[in-house]
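Residue numbers start from 1 in every chain, and the chains themselves are labelled A, B, ... in the order their sequence lines are given, proteins ahead of strands.
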Amino acid sequence: MTTATANMSEEIVKKAPKGRSLWQDAWIRLKKDKLALVCLYIFSFYVTLAILVKLGLIASNWGDTIGKEYSPPSLESWRHIFGTDIFGRSVLMKTIYGAYISMTVGFVSSMIAVPIGVVLGSLAGYFGGWIDDLITWFYTTVSNIPSILLILSLALVLGKGLTSINIALGLAAWVGICRLIRGEFMKHKEREYVQAARSLGGGHSRRIFVHILPNVLHLVIVNFSFLFMGAIKTEVILSYLGLGVQGVPSWGTMIDEAKLELARGVWWQLGAATLAMTVVVLALNILGDALRDAMDPKLK
Amino acid sequence: MFNFIIRRLLYAIPIIIGIALITFLLFNVVGGDPVLQMVGKHATPQVIEELRAEMGLNRPLPMQFVDFLRQIVTFDYGRSYSSKRDVLGMMIQAAPVSFTLAFPGFIISLCLSISASLFVAFWRGTLVDRVFVVVSVLMISVPSLAYILFGQYFLAYKVGLFPISGFSFDPTQVFSYIALPVLIWVVLSFGGELRFYRTVMLDEINQDYIRTARSKGLNERVVMFKHVLKNAMIPIITSVLIQIPFLITGALLLESFFAIPGMGTQLIDAFNTSDLPMIKAQVMVFSILYVVFNILTDICYSLVDPRVTIK
């Protein structure tokens, strides 16, 4: 008899609909949004291009002369579709290499900003007291320095080049995440599930990392796409101001070169860089909004 | 109220000291020896030592930081490396130029985007709304440099509607010089602002008191202007006030493209020539302005919204 009941309850458990995690749920909702899905594919395409460039499979020969200087876009070969620059190099190749630079900057700077923001934000929100005071003072201080000035200053003292741009952008971008995570931790730390974890003997680090963090991490994902976008836009401005990448093409240096070319009627370098950048920033914009909607459990 | 203002001002002190510390660490510690950057690689050690002594850089770092704090309090940021003129004087000279560009740009884009957001909120959920949302997202996504280059090339160079670049305070000329930069400013900020204010308006529209107003039989125009706009003023004031210190840095690229000798151009020049006194002064002045406007925002907030109690 008892075994039968046990079997039956096991059966019931098996038949019960399987719960979906927040991530599965978000993915299902995101998939319903066709536009967001297209944007995700576009973004993945840029990332793939960047990886291929990194592996040296494409655009490693961006410096090769493929024709006359400033030849306009033509269908002569696929390398000519965006025309050539002052040295007769393919603008398409330079644009692809620029995509690699932009993706690298977006990814690496976010990878610097996110951990700093998450760790400081969780500590401040969870512990409160003087730790909170100290961290709040720190991020308020950083956020009170206009970000373009902070980024330019960091880029200047760290020296020119890709690495210093990455660090500069990362060190200027963590404040938003920190503030967000701190607020969420303050809300979550008194919730029942955290108290339950505590009554079961879970220590501070267990409660922070195993219990609360997974419940607030989706906000980081949403923020990530906006961070990424901001980094791409700022890299272009930095490169234009001469504090950016040196010796390799980026969308910023291409636009900088276009400043002098436009008077001669050469618009394709500006056009290619603008198009490449607009598409990916637009995709990230829409994707960010869609992710925010998809990850918000209240909007079900 | 008085206590609140005093407390906010006192809280600003550690923030400003923090900003000074970050600026000091960046340029005097991380950046290496400013003298070496100034004189280049080929100076004799004796010259370097003399310069260091002259600039007080041979003293211990904590003492140098105290010196820097004194500079901030007395508004004495020293002389520019490149022009040898007083840094603060240079900034004060450039400020009116920047404001001539920034003020009209800011006001026009503000009025345009707030009216557009009311319009869009009125038509929420319809095709009009969708078109505006799509257009505003598109407008944000195009790089700002592209707008500036295109505007300058097409409207000034090709069509010849405006002078290509330059600036003058002469009342007969000032308008033609700032017209194109202001126009580009408005286009640059419209998308982002429309999106922001639309969210603000929609947040208000979904409130209960709006439903009450409608069920009283008020017409939609009265609801929009008397109820929605009035209550949306709180977030609008916050965002407007906090943007003011950024007006000058926001015009950075515009000023440099149109050769307008304002603070933005000054800043770019300073970074290009590693003019440290100028850079430090700009960072400190703008950060302090930002702190001050933050406090003003808080005060306005409590004045506008009676629900905000001052603790």
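Between the side chains of S239(B) and Y197(B), at least one donor N or O sits under 3.5 Å from an acceptor N or O. Donor-acceptor pairing under 3.5 Å is lacking for the side chains of Q152(B) and K259(A). Side-chain contact, E257(A) with T253(A): no donor N or O sits under 3.5 Å from an acceptor N or O.
Top candidate by heavy-atom pairs under 4.5 Å with chain A, chosen from N272(B), V291(B), L21(B), L145(B), is L145(B). Counting heavy-atom pairs under 4.5 Å between each of P143(B), A146(B), S256(B) and chain A puts P143(B) at the top. Considering only heavy-atom pairs separated by less than 4.5 Å from chain B, the leading option among N144(A), T141(A), L284(A), L282(A) is N144(A). If you tally non-hydrogen atom pairs under 4.5 Å between each of I237(A), V279(A), L150(A), L275(A) and chain B, the highest count goes to I237(A).
Atom CZ of F154(B) sits in a sparse spot, with 12 or fewer heavy atoms from other residues, nucleotides or ligands closer than 6.0 Å. Enclosure of atom CZ in F127(A) by more than 12 non-hydrogen atoms of other residues, nucleotides or ligands within 6.0 angstrom is indicated.
At a 4.5 Å heavy-atom cutoff, the contact between D289(A) and chain B is made by side-chain atoms alone. Only the side chain of I22(B) comes within contact range of chain A, with heavy atoms under 4.5 Å apart. For I232(A), no part lies under 4.5 angstrom from a heavy atom of chain B. Heavy atoms closer than 4.5 Å to chain A are found in both the backbone and the side chain of I15(B). Looking at I279(B), only its side chain comes within 4.5 Å of chain A, counting heavy atoms on both sides. In this structure, chain A has a heavy atom under 4.5 Å from the side chain of Y157(B), while its backbone stays farther away. Both the backbone and the side chain of I140(B) come within less than 4.5 Å of a heavy atom in chain A. Heavy atoms of L270(A) lying under 4.5 Å from chain B belong exclusively to its side chain. With a threshold of 4.5 angstrom between heavy atoms, K233(A) approaches chain B through side-chain atoms but not through N, CA, C or O.
In this structure, the side chain of S164(A) engages the main chain of G159(A) through a donor-acceptor pair within 3.5 Å.
For K280(B), the side chain to side chain donor-acceptor pair (under 3.5 Å) partners at least two apart in sequence or on another chain are N28(B).
A parallel orientation is assigned to the rings of F257(B) and Y240(A), their planes being inclined by less than 30° (bins at 30° and 60°).
With ring centers used as reference points, F43(A) lies 6.0 Å or more from Y46(A).
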